[in-house]
Amino acid sequence: MNKRGKVLIVSGSAGSGKSTVLTPFKSGAIPPFTFSVSATTRQPRPGEVDGRDYLFVTKERFEEMIEKGELIEHTVFNGNYYGTPKAPLVKQIEDGKVVILEIEVDGAEQIMGLFDKSDLISVFLSPPDYKTLEARLRGRGTNTEADILERLERAKVELEFSRLYSNILINYDGRASDVTDAIVRVVNGENVDTLDIHCKSTDALLEKFYE
């Protein structure tokens with residue numbers, strides 16, 4: 001009989017580098033980690049694959065999934081729906097997997113209320129400071145000025161939500177692999193308090209972010 005798995009929630013503000021940090025897990029090369037593939041109504045970005053990165057669905061199909069109770073959580077971000085399908089998530093946990101949910105903070109809050117603490121691990125990722133966040137957003141070259149300003153404002157709100165998470169990790173430039181390793185250590189029950197990328201509290205994070 002398989003040992004029961006866990007849910008690993010990973011969230012972060014815009015520009016926190018979630019996708020880069022989590023990329024090594026997506027290949028399935030770090031067992032027992034696996035991904036819960038979220039559904040979304042936004043358009044695929046270059047290189048994204050339907051069914052691997054997201055389940056890309058129409059607004060009508062997404063609203064049908066909500067109505068039929070097929071989603072364990074859902075939210076709206078930048079005008080698009082995002083949500084976590086229920087059935088595959090439950091099966092992966094029963095199969096002993098550590099299921100990674102890469103979700104927005106408001107969706108994460110919904111998930112945290114649905115699982116026992118013994119089944120749940122949560123990690124909040126943050127850029128090191130406001131200047132780095134702005135530089136990352138502008139460096140993408142794909143966002144309008146209005147979108148950049150909206151994401152900067154939203155990031156301030158998202159940082160406050162880090163209080164809900166059991167672990168806060170700072171993704172410095174060039175340190176994504178260190179953050180990936182730290183996530184593995186957290187799941188294995190190892191102490192990460194001594195790592196320089198670990199932040200002890202939301203208050204400490206905010207002080208560093210706006211210094």
Side-chain angles (χ1 to χ4, degrees), residues 5 7-30 32-95 97-112 114-115 122-125 133 136-155 157-158 161 171 176 179-180 183:
V7 173
L8 170 61
I9 293 175
V10 180
S11 306
S13 70
S16 62
K18 293 189 300 294
S19 296
T20 303
V21 166
L22 295 176
T23 292
F25 295 109
K26 291 186 177 180
S27 66
I30 311 179
F33 291 89
T34 188
F35 259 81
S36 171
V37 181
S38 297
T40 184
T41 57
R42 77 159 170 78
Q43 293 299 306
R45 293 170 181 161
E48 288 184 332
V49 176
D50 184 34
R52 182 194 70 185
D53 299 290
Y54 282 96
L55 297 173
F56 294 101
V57 300
T58 63
K59 180 181 179 183
E60 291 73 21
R61 170 57 184 142
F62 197 102
E63 290 176 345
E64 180 185 21
M65 294 170 77
I66 295 173
E67 185 177 344
K68 290 184 176 180
E70 296 176 16
L71 300 172
I72 200 166
E73 62 79 30
H74 65 277
T75 188
V76 177
F77 180 67
N78 277 3
N80 291 299
Y81 281 122
Y82 291 82
T84 303
K86 184 187 299 182
L89 173 62
V90 171
K91 184 179 187 306
Q92 288 169 321
I93 295 171
E94 291 175 347
D95 289 343
K97 301 292 187 181
V98 176
V99 187
I100 300 174
L101 301 184
E102 181 186 355
I103 54 180
E104 302 298 327
V105 291
D106 41 4
E109 189 172 18
Q110 295 176 49
I111 292 288
M112 288 175 185
L114 295 174
F115 288 90
S122 58
V123 175
F124 184 88
L125 303 181
L133 168 59
R136 288 177 181 177
L137 293 177
R138 295 191 182 283
R140 291 176 179 175
T142 56
N143 298 320
T144 65
E145 182 65 18
D147 186 44
I148 290 171
L149 294 176
E150 180 182 345
R151 287 172 183 264
L152 288 170
E153 286 303 308
R154 181 175 172 85
V157 176
E158 290 169 331
F161 273 87
N171 186 18
V179 179
T180 302
I183 291 175

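Positions are given from 1, in the same order as the sequence printed here.
- Pro32 pairs by the side chain to side chain contact (heavy atoms under 4.5 Å, CB included) definition with Val98, not counting sequence neighbours.
- For the side chain to side chain contact (heavy atoms under 4.5 Å, CB included) test, residues two or more places apart in sequence or in another chain that qualify with Pro88 are Pro85.
- Proximity of Ser38 to Glu102: side-chain heavy atoms (C-beta onward) are nowhere separated by under 4.5 Å.
- Nearest heavy atoms, Gly17 versus Arg136: N-NH1, 4.5 Å.
- Using a 4.5 Å heavy-atom threshold, the side chains of Val10 and Val21 count as separate.
- A heavy-atom distance below 4.5 Å is found between the side chains of Phe35 and Leu22.
- Side-chain contact between Leu101 and Ile111 is present, with at least one heavy-atom pair separated by less than 4.5 Å.
- Shown here are the side chain to side chain contact (heavy atoms under 4.5 Å, CB included) partners of Glu145, two or more places apart in sequence or in another chain: Arg138, Ile148, Leu149.
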For residues 60-72, please give each side-chain donor-acceptor pair under 3.5 Å, one per line with the distance, not counting sequence neighbours.
unit_1	atom_1	unit_2	atom_2	d
Arg61	NH1	Glu64	OE1	3.1
Arg61	NH2	Glu70	OE1	2.9
Glu63	OE2	Tyr81	OH	3.2
Glu64	OE2	Lys68	NZ	2.9

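- For the pair Leu125 and Ser16, the tightest heavy-atom approach, listed with the atom from each and the gap, is O-CB, 3.5 Å.
- Qualifying salt bridge (Lys or Arg N to Asp or Glu O under 4.0 Å) partners for Lys26, counting only residues two or more places apart in sequence or in other chains: Asp53.
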What side-chain donor-acceptor pairs closer than 3.5 Å can you find for residues 44-52, not counting sequence neighbours?
unit_1	atom_1	unit_2	atom_2	d
Glu48	OE1	Arg42	NH1	2.9
Glu48	OE1	Arg42	NH2	3.4
Glu48	OE1	Arg45	N	2.7
Glu48	OE2	Arg42	NH2	2.9
Asp50	OD1	Phe56	N	2.9
Arg52	NH2	Gly47	O	3.0

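- Residues satisfying the side chain to side chain donor-acceptor pair (under 3.5 Å) criterion with Glu73, sequence neighbours excluded, are Thr84.
- Asp95 has its side chain within reach of Lys91: a pair of non-hydrogen atoms, C-beta onward, lies under 4.5 Å apart.
- Residues passing the ring pair (Phe, Tyr, Trp, His ring centres under 6.0 Å) test with Phe25 are Phe33, sequence neighbours excluded.
- Applying the 6.0 Å contact sphere to NZ of Lys18 captures more than 12 heavy atoms from other residues, nucleotides or ligands.
- Residue pairs that meet the salt bridge (charged side-chain N to carboxylate O under 4.0 Å, His left out) test with at least one member in residues 77-86, sequence neighbours left out, do not exist here.
- In this structure, Ile100 and Thr34 have side chains that are not in contact, with every pair of non-hydrogen atoms separated by 4.5 Å or more.
- Partners of Thr40 under the side chain to side chain donor-acceptor pair (under 3.5 Å) rule, at least two apart in sequence or in another chain, do not exist in this structure.
- Contact of the Leu152 side chain with the Leu137 side chain is registered, since non-hydrogen atoms from C-beta on lie closer than 4.5 Å.
- Glu104 meets the side chain to side chain contact (heavy atoms under 4.5 Å, CB included) test with Thr75, Phe77, Asp106, Arg154, Glu158; sequence neighbours excluded.
- For Ser11, the side chain to side chain donor-acceptor pair (under 3.5 Å) test picks out Tyr165, with sequence neighbours left out.
- Heavy atoms only, all atoms of each residue included: Gly15 and Leu133 are closest at CA-CD1, 3.8 Å.
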